[in-house]
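Given the structure is predicted, the values throughout are model-derived calculations rather than measurements. What's counted below: heavy atoms across the whole structure, side chains too, no hydrogens, waters or symmetry copies.
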Number of protein chains: 2
Amino acid sequence: MKKKYHHGDLKNALVENAIQLLECEGLPALSLRRVARETGVSQAAPYSHFKDKRALLAAVASEGYRRFSARMRKEADARPDYYTLSLGMGYVLFALENPALFHLMFDGQLSEPLDDEAFNSYQLLVDGVEQHPLGVRKSPHGKTLGTAVAWSVVHGLATLLLNKNFTPQDYGFTEMESFVEHVLSSSLHPPNEQAKP
Amino acid sequence: MKKKYHHGDLKNALVENAIQLLECEGLPALSLRRVARETGVSQAAPYSHFKDKRALLAAVASEGYRRFSARMRKEADARPDYYTLSLGMGYVLFALENPALFHLMFDGQLSEPLDDEAFNSYQLLVDGVEQHPLGVRKSPHGKTLGTAVAWSVVHGLATLLLNKNFTPQDYGFTEMESFVEHVLSSSLHPPNEQAKP
DNA sequence: GAGCTATCTTAACATTGTCAAGTTATAATT
DNA sequence: AATTATAACTTGACAATGTTAAGATAGCTC
């Protein structure tokens with residue numbers, strides 16, 4: 001390929017290389033200059049497409065959410081009979097497969113205004129839970145607390161596994177996937193009835 | 001107070017000021033030079049006490065875990081009859097009261113070798129769950145998955161509330177504390193019996 | 001007192017995010 | 001097709017950061 005003054009697709013190339021760098025060398029290695037260098041443009045070139053470094057990271061996170069949604073859907077489509085459980089497994093597996101990206105997405109430091117792509121991901125999970133109710137107690141005001149519980153379990157499990165706060169081995173499991181499935185089904189498929197307040 | 005060449009207690013002062021800065025202006029504002037300046041010493045002074053910036057941050061996180069444990073114990077001691085639930089509430093409330101510190105503690109980027117203080121915090125929660133079993137299904141190998149579930153819910157809830165991924169208002173609650181209590185008790189106090197595998 | 005050593009300072013280096021000023025290629029207009 | 005305009009890039013600079021090397025100072029031991 002030829003070396004052109006105008007790259008032609010720099011914006012996407014920057015995001016792509018940023019993701020590459022992020023997953024290969026981690027967040028600390030992700031400098032704007034480095035991304036630019038790796039993309040073959042000068043240090044200030046990214047500023048034609050992104051206001052900030054944070055804007056680049058936001059774009060990276062946005063792409064992350066796109067893949068996140070896809071990963072969850074893939075898992076859920078494969079097991080429609082366990083829709084909610086599969087969504088959750090997709091959630092956790094994505095985190096384990098893309099640690100740095102997942103971390104960036106949920107870092108909080110950047111996403112002040114909630115991205116569309118992010119919102120869609122959340123909605124996927126929320127809708128899944130709402131449409132496949134779990135038998136969890138309703139809140140006093142009639143909205144299902146189950147969504148909050150499910151989201152919390154899934155997100156917490158993903159985070160704690162990432163940080164190696166515990167491992168499947170700690171619980172006698174040899175395979176990650178089996179462990180995740182058991183943990184999630186423990187909390188996502190509670191018994192039919194509910195105890196008193 | 002007098003301006004001495006030898007500070008006398010610089011190591012602790014640095015950690016203290018770092019925490020201050022962290023909570024007041026956030027992680028991005030936390031530079032080694034800034035902490036040194038605020039403490040009244042020169043830019044390279046911290047290197048007499050910390051190998052790295054990461055070492056300083058690790059010390060900050062360690063102090064964070066100390067306060068974290070205290071916060072959980074305080075809550076649990078106040079309601080011994082709801083021991084596990086209270087531990088969980090302490091967990092979440094600490095996160096909400098010390099957002100940046102909590103974030104740093106669980107960032108993962110630093111704590112490769114698990115700190116003692118950190119381990120103690122975790123053990124507090126784990127022991128709490130183990131000693132006050134929740135009736136959650138056991139794993140095939142006999143260890144309680146309940147610990148993983150409980151830890152996940154609590155950590156996920158803390159994280160998602162911090163990131164404002166949802167709010168108590170979304171579920172019709174006006175008070176944070178009440179919301180947290182309901183979510184946690186939904187998942188920490190499941191009904192007595194358990195459904196089939 | 002003399003000397004040791006931990007503690008702290010000053011000076012410097014490479015790297016980073018960011019901006020201002022210029023350059024070049026593409027698109028728009030004529 | 002020539003000119004113009006505009007978007008996409010480059011170079012060069014600035015302040016701030018993490019970190020190291022070399023030196024100064026103070027409190028300790030003998």
S.K.: Of the nucleotides dA8(D), dG17(C), dT19(D), which one has an atom closest to the side chain of Lys53(A)?
M.R.: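 In terms of side-chain proximity for Lys53(A), the closest of dA8(D), dG17(C), dT19(D) is dG17(C).
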S.K.: May I have the distance from Leu27(A) (atom CG) to dT16(C) (atom C1'), rounded to whole angstrom?
M.R.: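 These atoms are roughly 14 Å apart.
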S.K.: Find which nucleotide of DNA chain D each of Asp52(B) and Ser48(A) is nearest to by heavy atoms, and output the residue with the more 5' nucleotide.
M.R.: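 Nearest-nucleotide comparison on DNA chain D picks Ser48(A).
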S.K.: Would you mind reading off the distance between Arg54(B) atom CZ and dT17(D) atom P, rounded to a whole angstrom?
M.R.: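 Roughly 20 Å, once rounded to whole Å.
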S.K.: What is the distance from CD of Glu38(A) to P of dT16(C), rounded to the nearest Å?
M.R.: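 Rounded to whole Å, this separation is 11 Å.
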S.K.: Taking 4.0 Å as the cut-off, does a side-chain nitrogen or oxygen of His49(B) come that near to OP1 or OP2 on dA6(C)?
M.R.: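 So the side chain of His49(B) is outside the cut-off, no N or O lying under 4.0 Å from OP1 or OP2 of dA6(C).
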S.K.: In this structure, how many angstroms lie between the P atom of dT17(D) and the CG atom of Leu57(B), rounded?
M.R.: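 Whole-Å distance recorded here is 14 Å.
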S.K.: To the nearest Å, how far apart are Tyr47(B) OH and dT17(D) P?
M.R.: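 Roughly 12 Å, once rounded to whole Å.
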S.K.: Taking OP1 and OP2 of dT17(D), is either one under 4.0 Å from a side-chain nitrogen or oxygen of Ser31(B)?
M.R.: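 The answer is yes; a side-chain N or O of Ser31(B) sits under 4.0 Å from OP1 or OP2.
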S.K.: Under 3.5 Å between N/O atoms: give me all the protein pairs with nucleotides 10-12 of chain C, atom names plus distance.
M.R.:
unit_1, atom_1, unit_2, atom_2, d
dA11(C), N6, Gln43(B), OE1, 2.8
dA12(C), N6, Gln43(B), OE1, 3.3

S.K.: Starting at atom NZ of Lys51(B), determine the distance to atom P of dT19(D), rounded to an integer number of angstrom.
M.R.: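 In whole Å, dT19(D) P lies 8 Å from Lys51(B) NZ.
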S.K.: Given atom CG of Asp9(A) and atom P of dA25(C), what is their separation to the nearest angstrom?
M.R.: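 For the pair Asp9(A) CG and dA25(C) P, the rounded distance is 19 Å.
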S.K.: Hey, are Arg79(A) and Glu75(A) close enough for a salt bridge, meaning a charged N less than 4.0 Å from a carboxylate O?
M.R.: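 Salt bridge between Arg79(A) and Glu75(A), a charged N being under 4.0 Å from a carboxylate O: no.
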S.K.: Give me the ring orientation class for His155(A) and Phe102(A): parallel if the planes are under 30° apart, tilted from 30 to 60°, perpendicular past 60°.
M.R.: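 Tilted, since the angle between the ring planes falls between 30° and 60°.
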S.K.: Mind calculating the distance between CZ (Phe50(B)) and P (dA6(C)) to the nearest angstrom?
M.R.: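 Roughly 17 Å, once rounded to whole Å.
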S.K.: Reckon Arg37(B) has a side-chain N or O less than 4.0 Å from the OP1 or OP2 of dT17(D)?
M.R.: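 Affirmative; the distance criterion is met.
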S.K.: If you count heavy atoms of other groups shown closer than 6.0 angstrom to CD of Glu177(A), is the number above 12?
M.R.: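 Check fails, neighbour count at 12 or below.
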S.K.: Set out, in order, the CA-CA distance, both residues' side-chain angles and the distance that settles ring-ring contact (aromatic ring centres under 6.0 Å, His included) for Tyr91(B) and Phe68(B), then state yes or no.
M.R.: CA-CA 7 Å; Tyr91(B) 196 112; Phe68(B) 185 45; 4.8 Å; yes
S.K.: Contact between Leu30(B) and Leu57(B) at the side-chain level, heavy atoms closer than 4.5 Å - yes or no?
M.R.: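 They are in contact (side-chain heavy atoms under 4.5 Å apart), so the answer is yes.
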S.K.: Do we see a donor-acceptor contact under 3.5 Å between the side chains of Asn17(B) and Thr39(B)?
M.R.: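 Per modelled atom types, Asn17(B) and Thr39(B) side chains form a pair under 3.5 Å.
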S.K.: Side chains of Ser86(B) and Met72(B), heavy atoms from C-beta outward: is any pair under 4.5 Å?
M.R.: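 With C-beta onward as the side chain, the pair stays apart.
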